[in-house]
Protein chains: 2
Amino acid sequence: MKLNTKSRYAVMALADMSKFPLDSPVSLRDISLRQSISLLYLEQIFLKLKKNEIVKSVRGSNGGYVLRKDPKNIKLSEIFQAVDQKVKTVGCKKDSKKGCNGKSAKCITHELWDELDLYINNFFENKNLSDLLMTKERRN
Amino acid sequence: MKLNTKSRYAVMALADMSKFPLDSPVSLRDISLRQSISLLYLEQIFLKLKKNEIVKSVRGSNGGYVLRKDPKNIKLSEIFQAVDQKVKTVGCKKDSKKGCNGKSAKCITHELWDELDLYINNFFENKNLSDLLMTKERRN
DNA sequence: TATATACCCGACTAAAATAGTCAAGTATTA
DNA sequence: TAATACTTGACTATTTTAGTCGGGTATATA
Ligand code: FES
Ligand code: FES
């Protein structure tokens, strides 16, 4: 049950962006420095965030990325989906007739994992970027 | 966000056992056949379940494994712990002063993942083996 | 008591996933 | 025109996963 770094960094980077004026572009170089994330890796991540319309890019000098929505309207579930972090705790196909072990029927635990997936997705559905900032501010 | 097969099979196998009289030993061979799980792999898994006192073993002919408790008193969290499936979505140490990125402080998202871990653990704390059987029976 | 059954245990390995890096761009602004 | 910063696909080392293998030991029953 681990999160991959891609989704972790995606949330981290977007949370970082949220702390700055939302209309002026933030460069990946700055995020990289502030959050200690490889610039080259960030580029890869932001390409996906851009394709999924979470950010838009501003090229050229003084360019960077800009959030397309207010942080409180960006749910973590969107971010995860954008970077292909699926909450799918088992590999068996939803519609396939075959179960996880190659047998014909769904296995004895199938419903349990379905329920778990829903449960976890629910967490990400109910969290947005600004939630993140608030908990941080409360402490500082 | 995937579950490893070890924990998945562990739950599967124990659920299988729960369907039979709780005092007579169930052999891994039978579980292997019924649930289509490699026997050799099951042995590895049950060694851990035994060490963690979830099952006890009965050696020799007609031997097998026996649940040490009533299925409704075996929480999924115990099973997961036994097979080292930790719900620890990020790698940063709880007590360490260093954050996930090698910096000195906890990162901007640390609290979020802590909360997620608690949330998921809660699911496993509140599910036991007999819950699993019931949902299955309702359908058949 | 022989034999089959079934647990015991450490070591090993192929394959897949992860976490990046690299090279070679293009667009924009100062 | 120089510098900044996004764009894109391919490549790779490392780690993790999902098992297998070999050689045991204990017990029941024929
Ligand atoms: S059939 Fe879906 S988890 Fe086993
Ligand atoms: S410091 Fe713990 S997740 Fe980053």
Side-chain angles (χ1 to χ4, degrees), chain A residues 1-10 12-13 17 24-33 35-68 80 83-86 88-92 100-102, chain B residues 1-10 12-13 17 24-33 35-68 80 83-86 88-92 100-102:
Chain A
M1 286 301 255
K2 265 194 183 169
L3 225 51
N4 59 22
T5 53
K6 233 166 203 158
S7 45
R8 192 154 62 78
Y9 292 164
M12 229 174 180
M17 286 178 68
S24 67
V26 178
S27 76
L28 294 189
R29 197 178 132 276
D30 287 355
I31 298 177
S32 165
L33 290 172
Q35 305 299 332
S36 303
I37 303 170
S38 147
L39 173 61
L40 289 150
Y41 203 23
L42 274 178
E43 289 185 339
Q44 211 182 96
I45 293 166
F46 271 75
L47 228 42
K48 295 199 178 213
L49 294 177
K50 189 194 165 195
K51 270 183 191 141
N52 286 272
E53 311 199 319
I54 291 170
V55 295
K56 64 184 172 199
S57 65
V58 180
R59 298 181 75 156
S61 177
N62 289 327
Y65 286 95
V66 181
L67 292 174
R68 287 185 98 107
F80 273 59
V83 294
D84 303 317
Q85 171 72 311
K86 288 186 192 66
K88 185 81 190 66
T89 51
V90 294
C92 73
C100 58
N101 46 17
Chain B
M1 285 301 254
K2 265 195 183 170
L3 227 47
N4 60 19
T5 54
K6 232 163 203 158
S7 45
R8 192 153 63 79
Y9 291 165
M12 231 176 180
M17 286 178 69
S24 68
V26 179
S27 76
L28 294 188
R29 198 179 131 275
D30 286 356
I31 298 177
S32 165
L33 290 171
Q35 305 298 331
S36 303
I37 302 171
S38 149
L39 173 60
L40 290 150
Y41 203 23
L42 273 177
E43 290 186 339
Q44 211 183 100
I45 293 166
F46 271 74
L47 229 42
K48 297 199 178 213
L49 294 177
K50 190 195 163 195
K51 272 183 191 140
N52 286 272
E53 310 201 317
I54 291 171
V55 295
K56 63 182 171 202
S57 65
V58 179
R59 297 182 74 154
S61 177
N62 289 326
Y65 286 94
V66 181
L67 292 174
R68 286 185 99 107
F80 272 58
V83 295
D84 304 316
Q85 171 72 312
K86 289 186 191 66
K88 186 80 189 68
T89 52
V90 293
C92 74
C100 58
N101 46 17

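Predicted model, so just to flag it, every value in this text is computed and none were measured. Proteins come first, then strands; the chains are lettered A, B, ... in the order of their sequence lines, and each starts at number 1.
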For atom [atom1] of [X] and atom [atom2] of [N], their distance in whole Å:
X: Leu47(A); N: dG25(C); atom1: CG; atom2: P; result: 18 Å
X: Ile45(A); N: dA19(C); atom1: CD1; atom2: C1'; result: 10 Å
X: Met17(B); N: dA6(C); atom1: CE; atom2: C1'; result: 14 Å
X: Asn4(A); N: dT15(D); atom1: CG; atom2: C1'; result: 14 Å
X: Leu33(B); N: dT5(C); atom1: CG; atom2: C1'; result: 14 Å
X: Leu28(A); N: dT4(D); atom1: CG; atom2: C1'; result: 12 Å
X: Leu39(A); N: dA19(C); atom1: CG; atom2: C1'; result: 15 Å
X: Leu3(B); N: dT16(D); atom1: CG; atom2: P; result: 17 Å

The side chain of [X] is closest to which nucleotide in this list: [options]?
X: Glu43(B); options: dC7(C), dC21(D), dT7(D); answer: dC7(C)
X: Tyr41(A); options: dT21(C), dA5(D), dC7(C); answer: dT21(C)
X: Ser38(B); options: dA10(D), dT20(D), dT7(D); answer: dT20(D)
X: Arg29(A); options: dG19(D), dT7(D), dA5(D); answer: dA5(D)
X: Ser27(A); options: dA19(C), dG19(D), dC6(D); answer: dC6(D)

The answer to which of Arg8(B) and Leu40(A) contacts DNA chain D further toward the 5' end, by nearest nucleotide, is Leu40(A)
Donor-acceptor pairs under 3.5 angstrom involving side-chain atoms of residues 38-49 of chain A: please list them, not counting sequence neighbours.
unit_1   : atom_1 : unit_2   : atom_2 : d
Ser38(A) : OG     : Leu40(A) : N      : 3.3
Ser38(A) : OG     : Tyr41(A) : N      : 3.1
Tyr41(A) : OH     : Thr5(A)  : OG1    : 3.1
Gln44(A) : OE1    : Lys6(A)  : NZ     : 3.0
Lys48(A) : NZ     : Asp84(A) : OD2    : 2.6

Tell me whether the OP1 or OP2 atom of [N] has a side-chain N or O from [X] closer than 4.0 Å.
X: Lys50(B); N: dC8(C); value: yes
X: Tyr9(B); N: dA18(D); value: no
X: Tyr65(A); N: dA5(D); value: no

What distance separates Met17(A) CE from Ser24(A) OG, expressed to the nearest 0.5 Å? 9.0 Å
Applied to residues 49-62 of chain A, the salt bridge (charged side-chain N to carboxylate O under 4.0 Å, His left out) test, sequence neighbours excluded, yields none
Is a donor-acceptor pair below 3.5 Å formed from side chain Gln44(A) to base dT8(D), judging by atom type as modelled?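 For Gln44(A), whose side chain was compared with the base of dT8(D), there is no donor-acceptor pair (under 3.5 Å).
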Nearest atoms (heavy-atom pairs only) where Pro25(A) meets Gly63(A): CB-C, 3.7 Å
Residue pair Met12(A) / Cys100(B), side-chain heavy-atom distance below 4.5 Å: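 Of all side-chain heavy-atom pairs linking Cys100(B) with Met12(A), at least one is under 4.5 Å.
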Is the closest side-chain heavy-atom distance between Asn4(B) and Gln85(B) below 4.5 Å?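 Yes, side chains in contact.
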With distance as the sole test, does Ser32(A) use its side chain to make a donor-acceptor pair with the main-chain N or O of Ile37(A) at under 3.5 Å?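 Such a contact is found between Ser32(A) side chain and Ile37(A) backbone.
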Main-chain N/O of Lys88(B) paired with Lys86(B) side-chain donor or acceptor, under 3.5 Å: no
Contact list please: residues 51-63 of chain A against DNA chain C, heavy atoms, distance less than 4.0 Å, in numerical order.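 Output list: Arg59(A), Gly60(A), Ser61(A), Asn62(A).
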